[in-house]
Chemist: 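One structure, as structure tokens, below. Some questions next.
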Amino acid sequence: MTPEKPLLYSGGIILRNSFVETPSIVVLDFGAQYSQLIARRVREQNVFSVVLPCNSKIDEIKKHNPIGIILSGGPSSVYDKDAPVADQRVFELGLPVLGICYGLQFMAHNLGGKVKGAKHREYGHAQIEVLSDSELFTGLPRSLEVWMSHGDEAQELPPGFTLIAKSPSAVAGIENASQRFFAVQFHPEVRHTKLGTEILRNFVLNICHAKPTWTPQHFVEATVAAVRQQVGSGRAICALSGGVDSAVAAVLVDRALRDNSGKSRLTCVFVNNGVLRKNEFEKVQQNLREKLGLHLIAVDATERFLIKLAGVTDPEKKRKIIGNEFIAVFDEEAHRIEKEEGSVEWLVQGTLYPDVIESVSVRGPSQVIKSHHNVGGLPEKMKLKLIEPLKELFKDEVRVIGRDLGMPEELLQRQPFPGPGLAVRILGEVTPERLAILRECDDIVVNEIKTAGLYKKIWQSFAVLLPVMSVGVMGDQRTYAYTCAIRAVHSEDGMTADWVPLPHDVLKTISNRIVNEVHGVNRVVYDITSKPPGTIEWE
């Protein structure tokens with residue numbers, strides 16, 4: 001008997017939303033920490049934006065129908081031997097260009113000016129003076145509080161440029177009004193720059209003349225139409241995790257693939273990878289079937305995942321193992337669905353922009369931080385064609401889309417949960433014993449934060465099991481047990497995060513409950529690390 005060929009392998013394509021028809025602001029990323037924030041601030045004006053590597057070819061930039069270009073900041077110096085560069089022709093497209101920090105220096109350096117190391121480096125808060133009635137500063141006061149982060153400065157301006165703002169020690173803003181080239185040395189995209197959003201709004205709406213038409217309704221309509229057109233009469237399967245992202249992606253595609261009788265050509269598959277939270281497998285099935293009406297198949301693959309994870313301690317290996325096994329399980333289910341329901345051609349995933357950014361080196365000089373099973377773990381050649389309707393959205397944008405789709409708030413307000421699950425919250429080897437301990441700790445953390453009315457106010461809160469054993473005293477007896485770390489962070493999109501100063505009484509209750517109720521833990525610590533320098537997850 002000839003074995004079946006893997007359904008997921010053979011050469012596939014990725015379905016993109018029809019945003020290429022939507023005018024956009026293209027952000028060219030020179031390796032900045034804040035490039036995604038620039039895109040977010042543009043989108044807050046209801047204008048679509050996309051982040052591309054700084055070295056993107058002109059044809060690739062044009063594919064996004066740009067009406068303006070923003071050059072991001074970056075850690076390099078323009079005179080470094082390996083300094084990141086953009087195609088000089090970005091200045092020949094006839095489009096407005098805004099340079100930010102390194103973007104200002106790149107603009108000055110490439111258009112005939114001079115850049116050098118500054119005598120007085122500027123990091124942090126600074127006060128700048130606006131010198132002219134530039135369109136970039138329309139409606140703003142002459143004195144602005146901004147956020148600086150640079151060690152170089154523009155010593156000489158390029159021909160045709162004038163100084164429009166200065167700090168006590170450096171050039172803060174320049175423009176060539178006739179060419180519609182503008183640049184600032186500070187970061188208008190961060191909240192520390194008090195009126196930064198207004199500066200970006202001036203560039204996007206007044207200088208680029210963008211129309212604020214990129215709304216949730218527009219996104220839903222465009223995505224449903226794009227999926228319907230691409231899939232045609234084909235069938236799709238969706239990898240569901242039970243979280244916000246995959247659920248919204250499934251509802252979007254389900255809407256596109258339902259016929260007049262209400263029958264959908266989408267089959268959702270929820271795989272228990274053995275590293276889910278307490279009672280998660282049962283809760284997810286109830287939510288997705290009863291509250292969303294999705295056609296769902298649930299597969300308990302706990303044993304096979306844990307066998308593969310046995311003895312593995314390296315976090316990246318854990319992620320790869322879970323990703324590969326997920327693909328294998330999904331492949332088997334796809335074959336079964338094909339036999340029972342007909343040919344399957346498409347695979348739906350709830351991939352988000354931060355997943356892509358942190359998993360794949362799409363940002364020129366930026367680095368890969370970690371792989372995600374729904375991005376980095378896919379085979380290079382696939383038979384199933386990917387539908388990733390949320391691939392260019394941030395988490396908060398996905399929640400807005402979910403509300404526009406009429407999804408229940410209880411589901412939309414769920415905090416993010418990593419694809420590799422508790423495997424990246426157990427430092428060291430993943431074992432059934434450690435999983436049982438962490439599930440109980442995590443359940444206590446989530447329940448107490450909900451009881452305190454803080455769950456919806458916090459981006460993410462969870463427990464981590466450390467491979468650290470310490471001595472304790474319980475009931476007049478010596479104990480030697482694990483340490484549990486508590487993590488809670490504020491964030492807008494997961495790209496950066498600040499630790500949450502949880503109330504002392506909440507921390508006290510969590511700590512007391514864990515050491516008294518969870519056998520195997522005798523010490524609780526609180527993580528007060530922001531991102532950067534740490535990541536949100538410990539692995």
Chemist: Within the supplied structure, the quantity of interest is the number of heavy atoms (other residues, nucleotides, ligands) at a distance under 6.0 Å from E409 CD; does it exceed 12?
Modeler: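 Check passes, neighbour count above 12.
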Chemist: Assess whether side-chain contact (heavy atoms from CB on, under 4.5 Å) is satisfied between T213 and F48, documenting all intermediate values.
Modeler: CA-CA 8 Å; T213 57; F48 185 64; over 6 Å; no
Chemist: Would you mind reporting whether K308 and R304 have side-chain heavy atoms less than 4.5 Å apart?
Modeler: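 Result no, sub-4.5 Å side-chain heavy-atom pair not found.
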Chemist: State whether K283 and E410 are salt-bridged, where the test is any N-O pair (Lys NZ or Arg NE/NH1/NH2 against Asp/Glu carboxylate O) under 4.0 Å.
Modeler: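 Looking at E410 together with K283, the answer is no, because their closest N to O distance does not fall below 4.0 Å.
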Chemist: With distance as the sole criterion, is a donor-acceptor pair present between the side chains of S241 and S246 under 3.5 Å?
Modeler: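 Looking only at side-chain atoms, S246 and S241 do form a donor-acceptor pair, the distance falling under 3.5 Å.
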Chemist: Does a side chain donor of either S264 or R258 reach within less than 3.5 Å of an acceptor in the other side chain?
Modeler: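 Not at all, the side chains of S264 and R258 share no donor-acceptor pair under 3.5 Å.
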Chemist: Side chains of K278 and D442: closer than 4.5 Å at any heavy-atom pair?
Modeler: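 No; the side chains remain at least 4.5 Å from each other.
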Chemist: According to side chain to side chain contact (heavy atoms under 4.5 Å, CB included), who are the partners of A249, at least two apart in sequence or on a separate chain?
Modeler: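 Scan of A249 (side chain to side chain contact (heavy atoms under 4.5 Å, CB included), adjacent residues dropped) gives V348, P389, L390.
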Chemist: Do L240 and V269 come close enough that some side-chain heavy atom pair is under 4.5 Å?
Modeler: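 The answer is no, as the side chains (C-beta and beyond) never meet within the 4.5 Å cut-off.
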Chemist: For T529, give me all partners under side-chain hydrogen bond (donor to acceptor under 3.5 Å, both in side chains), at least two apart in sequence or on another chain.
Modeler: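 Here the qualifying residues are D527.
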Chemist: Would you please name every residue forming a ring pair (Phe, Tyr, Trp, His ring centres under 6.0 Å) with F203, sequence neighbours left out?
Modeler: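 Once residues adjacent in sequence are excluded, F203 has no partner under the ring pair (Phe, Tyr, Trp, His ring centres under 6.0 Å) criterion.
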Chemist: Go through the steps for H295 and L266 under the test side-chain contact (heavy atoms from CB on, under 4.5 Å), then give the verdict.
Modeler: CA-CA 7 Å; H295 175 31; L266 172 69; over 6 Å; no
Chemist: Only counting residues at least two apart or in another chain, list the ones meeting ring pair (Phe, Tyr, Trp, His ring centres under 6.0 Å) with F281.
Modeler: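 Scan of F281 (ring pair (Phe, Tyr, Trp, His ring centres under 6.0 Å), adjacent residues dropped) gives F270.
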Chemist: List in chain and number order the residues that pass side-chain hydrogen bond (donor to acceptor under 3.5 Å, both in side chains) with N273, two or more places apart in sequence or in another chain; answer none if no residue qualifies.
Modeler: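 Residues passing side-chain hydrogen bond (donor to acceptor under 3.5 Å, both in side chains) with N273: none at all.
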Chemist: If the condition is side-chain hydrogen bond (donor to acceptor under 3.5 Å, both in side chains), which residues does S461 pass it with, not counting sequence neighbours?
Modeler: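 Result, side-chain hydrogen bond (donor to acceptor under 3.5 Å, both in side chains) vs S461: Q415.
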Chemist: Any side-chain heavy-atom pair from R425 and W538 closer than 4.5 angstrom?
Modeler: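 SC-SC contact between R425 and W538 ruled out.
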Chemist: Apply side-chain contact (heavy atoms from CB on, under 4.5 Å) to F462 and V445, showing your working.
Modeler: CA-CA 6 Å; F462 54 90; V445 171; 5.6 Å; no
Chemist: Regarding E537 and Q460, is there a side-chain donor-to-acceptor distance under 3.5 Å anywhere?
Modeler: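 Judged by distance alone, the side chains do pair up.
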Chemist: Determine whether S167 and Q127 satisfy the following criterion, side chain to side chain donor-acceptor pair (under 3.5 Å), listing intermediate values before the conclusion.
Modeler: CA-CA 6 Å; S167 72; Q127 206 74 24; over 6 Å; no
Chemist: Could you tell me if the side chain of C441 sits less than 4.5 Å from the side chain of C484, heavy atoms only?
Modeler: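 With C-beta onward as the side chain, the pair touches.
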Chemist: Here's one to test your reading of the geometry: is the NZ or CZ of R523 within 45 degrees of the ring axis of Y482 and under 6.0 Å from its centre?
Modeler: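 Judged by the rule (NZ or CZ under 6.0 Å from the ring centre, within 45° of its axis), R523 is not positioned above Y482.
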Chemist: Tell me, please, which residues at least two apart from T313 pass side chain to side chain contact (heavy atoms under 4.5 Å, CB included).
Modeler: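 So T313 forms a side chain to side chain contact (heavy atoms under 4.5 Å, CB included) with E429.
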Chemist: Apply side-chain hydrogen bond (donor to acceptor under 3.5 Å, both in side chains) to N272 and list each qualifying residue two or more places apart in sequence or on a separate chain.
Modeler: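 In terms of side-chain hydrogen bond (donor to acceptor under 3.5 Å, both in side chains), with neighbours along the sequence ignored, N272 is linked to D300, T302.
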Chemist: Any side-chain heavy atom of F330 within less than 4.5 Å of one from V299?
Modeler: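 Counting from C-beta outward, F330 and V299 never come under 4.5 Å.
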Chemist: Distance-only, no hydrogens or angles: does the T479 side chain make a donor-acceptor pair with backbone N or O of G472 under 3.5 Å?
Modeler: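 Between the backbone of G472 and the side chain of T479 there is a qualifying donor-acceptor contact (under 3.5 Å).
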Chemist: Going by salt bridge (charged side-chain N to carboxylate O under 4.0 Å, His left out), name the pairs with one or both residues in residues 510-519, residues two or more places apart or in two chains.
Modeler: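 Checked against salt bridge (charged side-chain N to carboxylate O under 4.0 Å, His left out) - neighbours excluded - the pairs reaching residues 510-519 are E448-R513, R513-E517.
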Chemist: Is E303 atom CD crowded by more than 12 heavy atoms from other residues, nucleotides or ligands, each under 6.0 Å away?
Modeler: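 No, CD of E303 has 12 or fewer neighbouring heavy atoms, counting only those of other groups under 6.0 Å.
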Chemist: Measuring from atom CD1 of I100 to atom CG of L71, what distance do you get when rounded to the nearest 0.5 angstrom?
Modeler: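 If we round to the nearest 0.5 Å, I100:CD1 and L71:CG are 8.5 Å apart.
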Chemist: Can you check whether K395 reaches W459 side chain to side chain, under 4.5 Å on heavy atoms?
Modeler: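 Of all side-chain heavy-atom pairs linking W459 with K395, at least one is under 4.5 Å.
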Chemist: Can you list everything that forms a ring pair (Phe, Tyr, Trp, His ring centres under 6.0 Å) with F137? Sequence neighbours excluded, please.
Modeler: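 Per chain and number, F137 pairs via ring pair (Phe, Tyr, Trp, His ring centres under 6.0 Å) with no residue.
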Chemist: Is it true that, when you exclude H519 itself, more than 12 heavy atoms of the residues, nucleotides or ligands shown sit nearer than 6.0 Å to its NE2?
Modeler: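 Result for NE2/H519: open.
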Chemist: Could you check if a side-chain atom of L466 sits within less than 4.5 angstrom of a side-chain atom of I426, using non-hydrogen atoms only?
Modeler: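 No, side chains not in contact.
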Chemist: Name each donor-acceptor pair under 3.5 Å that joins a side chain in residues 193-200 to protein atoms two or more places apart or in another chain, with its distance.
Modeler:
| from | atom 1 | to | atom 2 | distance (Å) |
| --- | --- | --- | --- | --- |
| T193 | OG1 | W147 | N | 3.0 |
| T193 | OG1 | H187 | O | 2.7 |

Chemist: Does one side chain, of T215 or N46, offer a donor that lies under 3.5 Å from an acceptor on the other?
Modeler: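 Judged by distance alone, the side chains do not pair up.
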Chemist: Are any side-chain N or O atoms of N447 and backbone N or O atoms of D443, one a donor and one an acceptor, separated by less than 3.5 Å?
Modeler: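 It does hold such a pair.
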Chemist: So, E282 and Q286: side-chain donor and acceptor under 3.5 Å apart, yes or no?
Modeler: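 Side chains of E282 and Q286: no pair found under 3.5 Å.
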Chemist: Please check: side-chain N/O of N516 versus main-chain N/O of N512, any donor-acceptor pairing under 3.5 Å?
Modeler: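 Present.
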Chemist: Going by atom type alone, with no hydrogens or angles, which donor-acceptor pairs under 3.5 Å involve a side-chain atom of residues 495-511 and a protein atom two or more places apart or on another chain?
Modeler:
| from | atom 1 | to | atom 2 | distance (Å) |
| --- | --- | --- | --- | --- |
| W499 | NE1 | I528 | O | 3.3 |
| T509 | OG1 | D505 | O | 2.9 |

